[in-house]
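Per chain, numbering begins at 1; letters A, B, ... match sequence-line order. Please read all numbers here as calculations on a predicted model, not as lab measurements. Just the heavy atoms: all of them, side chains too, but no hydrogens, waters or symmetry mates, feed the values below.
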Amino acid sequence: MEERKKIVVICGPTASGKTKLSLLLAKKFNGEIISADSMQVYKGLDIGTAKVSLEEQQEAKHHLVDFLPPSQKYNVEIFTRLAAEKIMEISSEEKLPIIAGGTGLYIESLVNGITFTDQNDTSEIRKELAEALKEKGGEYMYNLLESIDGDYAKNVHPNNTVRVLRALELYKATGKTMTQQLENSHPIKKPYDELLIGISYISRENLYDNINKRVDSMLSQGLLKEARYVYDNRNEFKNSAAAIGYKEFFPFFEQLQSLEACTEKLKQSSRNYAKRQLTWFNRMKNINWVYVDGTENYIEKALQLTENFVGGNN
RNA sequence: GGGAGUGUUCCCGAGCGGCCAAUGGGGGCAGACUGUAAAUCUGUUGUCUACGACUUCGAUGGUUCGAAUCCAUCCGCUCCCA
C-alpha cells in the first residue's frame, strides 16, 4: 500500500511574502517549488505577476512558472493535472514538494484531489451561451439552469452570469449537471499528506501598505512597458489581459486617464484582490496561520511547523 | 471691492418643506466560489439600552405643526468683473 506523499502548501494574499518563505523552506528542507498561480505561468509577464526572479530560481527549482505563451489557456483542470505530476516526480527524487501560490481554487482543488469531467473544447458552446445571454438576458439563462439543475441554481446568484453559464456549459458539453460534478469529484481518500501554511497579517493596514509599495516598485522596474505589451496583444492574451497589473493601465494607453489615476486604481484592485484571497483561505480548514507582525517570528513558526511535519513519522 | 455659485454621512455625488439616517457610485467590512478564478458575484455600512429612541446634511439664529431642503448673518471654497 502506497503511502500518501507529503506536500507543504504556502498560501496567502498577494504581497504577503509567499515567495520568500517558499524559497527558505525549499532550501532548508530539500524542496522544489510548484507554483499555484494562474498568471505567473505566462512568459514575458514577469513584473506585473511578481514572478520569482531568475536569481531566485537559482536558489530552488521552480515548476509551473514561466512556461506558457500568454495567448494560451490555463485553468484549474490543467493546473491540478500538471501539479499532481510534478508532485510525483519531486517525491520520487526524495525531495519535498512545496506548493506556493495565491489562487485559492487551484490550491483547494489540488489538495482535495478534485477530478474534473472530461470535456472537449467548449469554446463554441461558451460562445453560443454568451450570445444567448446577450439576447435573452440573465433571468432567462438562470431559469434555464433552474430547469436542468435546480439544486445548483439555488446556490448561484442569478446575477452571477459567469457561474450560471459555466454550469450550462458543463451540461451541454458533458451531459453532467454541476450538482453531479460536485458530488463525484471527490476521491474516496484524500491524495496527499499535506501541511498547509497560510501567511496573514496582524494588521490589515500593513498588508495594504505592502501592496501599495509593491505597486510603486513594480512601476520603477518597468511595469508600464509590460502592460503596454499586454495591451497591444490584448485580443490574443485572453486570460492574461484580465490580470491585475495590466488592465488597470489600459485607460492610460487610451489617453482616457492619467498615469497617476491608473496607478491608484491598480493599488485598489490589488487590495480588493488580497481581501478576496483571505476570504477564500479563511474558509479552508486545516490551514496553519502564521502572522506577519514586523518581526521574523512568522518565519520561525513556519520553519517549526515544517520541521515537525517532515520529521514526524516515516 | 462688485456679481454668480457652492458647502451633504469615510470620499465622490443626488436630494431642494413632511414618504430622509438621507437615491447612486467608490472605499471599508463580511461572504460566495469545482475547467475565465489576478475572473465573477452577494450582503452590509450614523449611534444606541435597537418593531423604538437619539444625533447628523459648513456655523449661528429665524420662519413653519414640520427644514438637509425657505430666510438672515457669519465662516470656507469656486468662477466672473474690478
### Query
Say you pick atom C1' in G17(B) and the same atom in G62(B); how far apart are they, in whole Å?
15 Å

### Distance, rounded to the nearest Å, where R276(A) contributes CZ and G27(B) contributes P
10 Å

### Message
At 4.0 Å (heavy atoms only), tell me whether G245(A) reaches a base, stays on the sugar-phosphate, or touches nothing.
### Response
nothing

### Query
Just checking, any donor-acceptor pair under 3.5 angstrom between side chains of E56(A) and S53(A)?
yes

### Query
Base, sugar-phosphate, or nothing for Y246(A), non-hydrogen atoms under 4.0 angstrom?
nothing

#### Entry: OP1 or OP2 of C29(B) under 4.0 Å from side-chain N/O of K275(A)
no

### Message
It should be established whether T103(A) places a side-chain nitrogen or oxygen under 4.0 Å from OP1 or OP2 of nucleotide A38(B).
### Response
yes

### Message
Heavy atoms from C-beta onward define the side chain here; which of G27(B), C29(B), U34(B) lies closest to that of Q268(A)?
### Response
G27(B)

### Task
Examine distances only and state if a side-chain atom of D149(A) and a backbone atom of T179(A) form a donor-acceptor pair shorter than 3.5 Å.
yes

### Task
Return the nucleotide paired to C10(B): Watson-Crick means purine N1 to pyrimidine N3 with N6-O4 or O6-N4, wobble means G-U with N1-O2 and O6-N3, both under 3.5 Å.
G26(B)

#### Entry: Among G28(B), A39(B), A37(B), the nucleotide that comes nearest once only the side chain of I244(A) is considered
A39(B)

### Message
Taking only the C1' atom of each, what is the distance from C75(B) to G58(B) in whole angstrom?
### Response
8 Å

### Task
Report which part of the nucleic acid D118(A) touches: base, sugar-phosphate, or nothing (heavy-atom distance under 4.0 Å, all strands).
base

### Between C48(B) and A59(B) - P atom distance, rounded Å
22 Å

### Task
Determine: side-chain N/O of S109(A) to OP1/OP2 of U34(B), distance under 4.0 Å, yes or no.
no

### Message
Heavy atoms from C-beta onward define the side chain here; which of G28(B), A32(B), A39(B) lies closest to that of A242(A)?
### Response
A39(B)

### Task
With C1' as the reference atom in both, quote the distance from A14(B) to U9(B) in angstrom, rounded to an integer.
13 Å

### Task
Send over the distance from H186(A) NE2 to U34(B) C1', rounded to a whole Å.
8 Å

### Message
Could you tell me how far apart N272(A) (CG) and A37(B) (C1') are, to the nearest whole angstrom?
### Response
15 Å

## Note on the structure
Partner of C51(B) under the Watson-Crick or G-U wobble criteria, both distances under 3.5 Å, comes out as none

### Message
Please give the distance between the C1' atoms of G76(B) and C41(B) as a whole number of Å.
### Response
43 Å

### Base-pairing assignment for A32(B) (Watson-Crick or G-U wobble, both under 3.5 Å)
U40(B)

### Message
Expressed as a whole number of angstroms, how long is the span from Y142(A):OH to U42(B):C1'?
### Response
12 Å

## Note on the structure
Picking from A38(B), A37(B), G31(B), the nucleotide nearest the side-chain atoms of T279(A) would be G31(B)

### Task
Remember a base hit wins even if backbone is also touched, and classify T49(A) as base, sugar-phosphate or nothing at under 4.0 Å, heavy atoms.
base

### Any residue meeting side chain to side chain contact (heavy atoms under 4.5 Å, CB included) with Q181(A), in chain and number order, not counting sequence neighbours
F116(A), T117(A), L170(A), K176(A), M178(A), S185(A)

### Query
If we ignore angles and hydrogens, is there a donor and acceptor under 3.5 Å between the side chains of Y42(A) and N239(A)?
yes

### Message
When you compare the side chains of E169(A) and T122(A), does any donor N or O come within less than 3.5 Å of an acceptor on the partner?
### Response
yes

#### Entry: S123(A) vs K73(A), side-chain contact (heavy atoms from CB on, under 4.5 Å): CA-CA, chis, key distance, verdict
CA-CA 11 Å; S123(A) 52; K73(A) 271 182 192 161; 4.2 Å; yes

### Query
For L207(A) and G28(B), what is the distance between atoms CG and C1' respectively, to the nearest whole Å?
14 Å

### Query
Can you tell me the Watson-Crick or wobble partner of U73(B), both distances under 3.5 angstrom?
A59(B)

#### Entry: Donor + acceptor pair across side chains of S35(A), D37(A) (<3.5 Å)
no

### Query
Starting at CG of L133(A) and ending at P of U40(B), how long is that distance when rounded to a whole Å?
14 Å

#### Entry: Distance-only donor-acceptor check, side chains K95(A) and S91(A), under 3.5 Å
no

### Query
At under 4.0 Å, does any side-chain N or O of Y273(A) touch on OP1 or OP2 of U40(B)?
no

### Query
Quick one: the side chain of S185(A) and the base of U34(B), do they pair up donor-acceptor inside 3.5 Å?
yes

### Message
Heavy-atom nearest nucleotide on RNA chain B for R271(A) versus Q181(A): which residue maps closer to 5'?
### Response
R271(A)

### Message
Please report the distance, rounded to the nearest Å, between CD in Q277(A) and P in C29(B).
### Response
14 Å

### Task
Scan K247(A) against the nucleic acid and name what it touches under 4.0 Å (heavy atoms): base, sugar-phosphate only, or nothing.
sugar-phosphate

### Task
Using a cut-off of strictly less than 4.0 Å between a heavy atom of the residue and any atom of RNA chain B, enumerate the qualifying residues of residues 143-176 of chain A by number.
Y152(A), H157(A), N159(A), N160(A), V162(A), R163(A), R166(A)

## Note on the structure
Under a 3.5 Å limit on both distances, the Watson-Crick or wobble mate of A4(B) is U78(B)

### Query
With a non-hydrogen cut-off below 4.0 angstrom, is E205(A) in contact with a base, only sugar-phosphate, or nothing?
nothing

### Task
Taking atom P in both C10(B) and U23(B), compute the distance separating them and give it to the nearest angstrom.
14 Å

### Message
Please classify the nucleic acid contact of Y74(A) as base, sugar-phosphate, or nothing, using heavy-atom distances under 4.0 Å.
### Response
sugar-phosphate

### Task
Ignoring hydrogens and angles, state whether a donor on the side chain of R271(A) or T14(A) is under 3.5 Å from an acceptor on the partner side chain.
no

### Message
Students often get this wrong, so: under 4.0 angstrom with heavy atoms, is R204(A) touching a base, only sugar-phosphate, or nothing?
### Response
sugar-phosphate

### Message
Heavy atoms only, 4.0 Å cut-off, all strands: where does Q119(A) land among base, sugar-phosphate and nothing?
### Response
base

### Task
Considering only atom C1', compute the distance from U40(B) to C54(B) and round it to an integer number of Å.
41 Å

### Query
Starting at CG of N282(A) and ending at C1' of A30(B), how long is that distance when rounded to a whole Å?
11 Å

#### Entry: Working for salt bridge (Lys or Arg N to Asp or Glu O under 4.0 Å), residues K127(A) and E131(A)
CA-CA 6 Å; K127(A) 232 169 85 187; E131(A) 266 165 41; 5.7 Å; no

### Query
How far, in whole Å, is A4(B) from A50(B) if one measures between their C1' atoms?
47 Å

### Query
Hey, is the main chain of S92(A) close enough, under 3.5 Å, to the side chain of K5(A) for a donor-acceptor pair?
no

